[in-house]
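In listed order, ligands and their atoms are each counted from 1. What you see below is based on every heavy atom in this structure, not just the backbone, and it leaves out hydrogens, waters and symmetry mates.
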Amino acid sequence: MASSVSVLLLLICTAAVASAQLSPTFYDTSCPNALSTIKIAVTAAVIKENRMGASLLRLHFHDCFGCDASVLLADIPGSFTGEQGALPNAGSLRGFDVIANIKSQVEAICKQTVSCADILAVAARDSVVALGGPSWTVPLGRRDSTTASLSLANSDLPPPFFNLSNLISAFSNKGFTATEMVTLSGAHTIGDAQCKNFRDHIYNDTDINPAFATSLQANCPRPTGSGDTNLAPLDTSTPYTFDNAYYNNLLSQKGLLHSDQELFNGGSTDNTVRNFASSPAAFSSAFAAAMVKMGNLSPLTGSQGQIRLTCSKVN
Ligand SMILES: *[C@@H]1O[C@H](CO)[C@@H](O)[C@H](O)[C@H]1NC(C)=O
Ligand SMILES: *[C@@H]1O[C@H](CO)[C@@H](O)[C@H](O)[C@H]1NC(C)=O
């Protein structure tokens with residue numbers, strides 16, 4: 001008993017020391033142009049395709065539910081199973097090519113110095129900024145994993161059919177409050193979802209605006225299997241602007257996913273949704289703080305892991 005307590009304390013202390021090592025100035029001397037290189041590439045990618053902003057933000061989010069770039073590791077048939085085939089990821093994660101392009105530009109200026117995990121964290125911030133959202137300072141110094149966990153990716157990422165209590169506990173398992181869960185859900189102010197993820201909501205749920213449901217049904221037929229991958233914007237009013245419209249949509253029962261509308265459905269988070277709907281500034285500052293907190297979730301630091309040469313495979 002005593003020894004397991006001290007092992008636990010040791011783990012907690014190690015984690016605290018590890019996250020304390022992240023620093024916004026981490027690359028200031030080792031690669032002073034890293035951040036500007038990433039920003040230029042992200043901005044270009046988002047201008048080329050608006051939807052890419054949401055894809056890059058989602059990649060960081062799915063990676064962080066450890067911030068170690070494990071999500072970027074591609075499967076190698078017969079020898080390595082990564083996270084890209086996990087249920088919440090399969091067929092829907094995008095932006096790997098953009099990250100690969102940024103990584104090769106960064107490698108060209110600073111050989112094996114900037115981690116893929118840091119590139120993901122910075123690209124997420126730059127994507128939000130490119131779409132008109134808030135900026136924040138990204139603590140840096142994460143290292144890349146040499147492994148990935150399909151089972152963790154399957155069990156930790158919240159699916160669209162979750163109810164409010166499921167959502168609160170999934171985020172609580174990662175150390176987030178219910179308010180921070182509502183805040184991070186605001187990332188759905190950009191991006192699209194696939195029909196298979198909102199079909200039940202638009203045909204079966206009652207907490208949805210009827211005209212909104214009908215308008216979505218045209219491009220998302222009822223039978224499972226038809227139109228499964230057809231897309232609709234998560235924020236129906238301003239799909240490519242990072243703003244607080246997502247919360248105003250919830251007030252008028254126009255959340256696309258069941259799990260979105262659960263945040264404003266007579267439960268304990270209604271007031272947070274009302275607050276963010278009425279105050280863009282409150283949402284912006286809460287979102288920036290929650291993103292920094294998410295980016296600090298169990299990163300590898302110091303001599304842990306490695307700096308990958310190519311984001312899609314270990315060295
Ligand atoms: C939420 O879903 C879980 C099953 O995952 C269920 O046990 C629980 O009763 C539901 N909570 C509410 C408030 O509906
Ligand atoms: C809606 O609910 C019915 C009855 O529970 C179920 O059979 C069906 O698969 C659900 N989804 C859709 C899209 O109709």
Is S23 close to L140 at the side-chain level, that is, under 4.5 Å between some pair of heavy atoms?
no

Please work out whether any backbone atom (N, CA, C, O) or any side-chain heavy atom from C-beta onward of N166 is under 4.0 Å from ligand 1, and answer side chain, backbone, both or neither.
side chain

Any pair counted as side chain to side chain donor-acceptor pair (under 3.5 Å), so long as it reaches residues 157-171, sequence neighbours left out
N163-S165, N163-N166

If you count the atoms of ligand 1 from 1 in the order shown, which ones are under 4.0 Å from a heavy atom of N163?
1 (C), 2 (O), 3 (C), 8 (C), 10 (C), 11 (N), 12 (C), 14 (O)

Apply salt bridge (Lys or Arg N to Asp or Glu O under 4.0 Å) to R199 and D228, showing your working.
CA-CA 9 Å; R199 181 182 280 123; D228 275 3; 2.7 Å; yes

Could you name the protein residues that come within less than 4.0 Å of ligand 2, counting only heavy atoms, and order them by chain and residue number?
R199, D200, Y203, N204, R222

Identify, by atom number and element, the atoms of ligand 1 in contact range of S165, meaning under 4.0 Å from any of its heavy atoms.
1 (C), 11 (N)

Salt bridge between D68 and R142, side-chain N to carboxylate O under 4.0 Å?
no

Short N-O contact, E49 and R94, less than 4.0 angstrom:
yes

Distance-only side-chain donor-acceptor flag, D75 / T81, under 3.5 Å
no

F242/F287 under ring pair (Phe, Tyr, Trp, His ring centres under 6.0 Å): CA gap, chis, key distance, verdict:
CA-CA 11 Å; F242 197 100; F287 189 78; 4.9 Å; yes

